Amino acid sequence: MTFPVVGMVGGGQLARMTHEAGIPLGLKFKLLSDTPQDSAAQVVSEVVIGDYRDLDTLRAFAQGCDVITFDHEHVPTEHLRALEADGIPVRPGPDALVHAQDKGVMRARLREIGVPCPRHRIVSSPEDVERFAVEEGDGYPVVLKTVRGGYDGKGVWIVRGREEAAEPFRAGVPVLAEEKVGFVRELAANVVRSPHGQAVAYPVVESVQVDGVCDTVIAPAPGLSEELSARAQQLALTVAEELGVVGHLAVELFETRAADGTPGILVNELAMRPHNSGHWTQDGAVTSQFANHVRAVLDLPLGDPRPRATWTVMTNVLGGDFPDMYPAYLHCMARDPQLKIHMYGKDVKPGRKVGHVNTYGDDLAEVRERGRHAADYLRGTVVE
Ligand code: ADP
């Protein structure tokens, strides 16, 4: 018997959980990781330690892989093109992935295909920011983002005047200016698309951010009208199709409310890999985002994305003053036999995502409380 070999670039928790989803299929994983301590490097049997920015390293790594996919978006676009030219299937491919790598390219393309986005402009100086603030109507505050390399709110600034606008330009990379959207809440529409064009859409979720980091995800988004939910799913499917995405696509959205009360959606950003807003699917959907990502990159038929419970809530465990995990597990498992714990094996740093818990049931307030308690307990910020 032979089984497909999946090459995964990046050793973070997304690679770890993608690997986990491939185990029941007997898939072989090969991992290119920065260090042996990375989350996925601890569990994948074939690990290459190397720099994903180096083309020779990538080429050597790709030998023997049936397909290459990713834990993150940072592999240089030209290297991905070189791998494709070598005959290695890269999924998602460089022409799609560039839209998740570069926020300027993403905004330009979404505008072209008529997808609603915040007003925006590429700027190169604080004077440009000032012009954008005046000409686009609303004045300050303005949101500035480095077009490449940001994550978890790093690389995003909210500036209230020209004097605050110097910092983002220091890195020497292009900067995207956006209107500051007065959104009601943040949503995410997760879809998966395969090379032969099959696609599935998960229920639209609400993502609650604290200090620019995702804290809780509620599936489905409470109180979201069927009309808006269908519009968000359709929009995500359109983006996946138009951009030729293969694998999981998360479309991060702002839900807005017009002066007359009409709800709307604007796209914040795209991620072309399994995403934090889809972790609930591990225990809350018939087929998880990880299982469907693996199916998609191998061009296998996709699995059912429908929810298994009325409500599923994902609560992130952010690194803090960590206790010994064994007594923490004793407490959490005894308190809530339905709790699903997913820890990433990472070193603890304050504020870093080190795991998450999934809770589910019929009473949303109770499901949220159970998730909050478990995440806080595992983090060590509550003791009973
Ligand atoms: P990252 O790449 O770090 O995830 P995002 O573009 O998602 O960066 O921005 C991080 C957070 O900043 C968002 O989740 C949102 O809360 C806020 N934000 C980003 N863009 C805007 C905007 N145009 N208006 C208002 N808030 C924004």
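Only a predicted model underlies this, so the values are computations on that prediction, with no experimental measurement involved. Ligands are counted one by one from 1 in listed order, and the atoms in each one are counted from 1 as well. Computed from heavy atoms alone, side chains included, the values below leave out hydrogens, waters and symmetry copies. Throughout, residue positions are numbered sequentially from 1 according to the sequence presented.
Using modelled atom types and a 3.5 Å distance limit, the side chains of Gln101 and Thr77 yield a donor-acceptor pair. Side-chain contact annotation: Asp299 with His196, donor-acceptor N/O pair under 3.5 Å present. Judged purely by distance below 3.5 Å, without hydrogens or angles, the side chains of His342 and Asp283 pair a donor atom with an acceptor atom. Side-chain contact annotation: His275 with His293, donor-acceptor N/O pair under 3.5 Å absent. Using modelled atom types and a 3.5 Å distance limit, the side chains of Tyr202 and Asn292 yield a donor-acceptor pair. Side-chain contact check for His120 and Glu178: no donor-acceptor pair (N or O, by modelled atom type) lies under 3.5 Å.
Close approach of ligand 1 to Lys180 (heavy-atom distance below 4.0 Å) involves ligand atoms 24 (N), 25 (C). When each atom of ligand 1 is checked for a heavy atom of Phe183 under 4.0 Å away, the hits are 16 (O), 25 (C), 26 (N). Of all atoms in ligand 1, numbered sequentially from 1 with element shown, those under 4.0 Å from a heavy atom of Glu179 are 22 (C), 23 (N), 24 (N). Residue-ligand proximity, Lys145 to ligand 1, at heavy-atom distances under 4.0 Å covers atoms 6 (O), 19 (C), 20 (N).
Proximity of Ile158 to ligand 1, defined as any heavy-atom pair under 4.0 Å, is not found for any part of the residue.
In this comparison of Val156, Val181, Leu270, the heavy atom closest to atom 24 (N) of ligand 1 sits on Val181. Residue nearest to atom 16 (O) of ligand 1, selected from Glu269, Glu186, Glu252: Glu186 (by heavy-atom distance).
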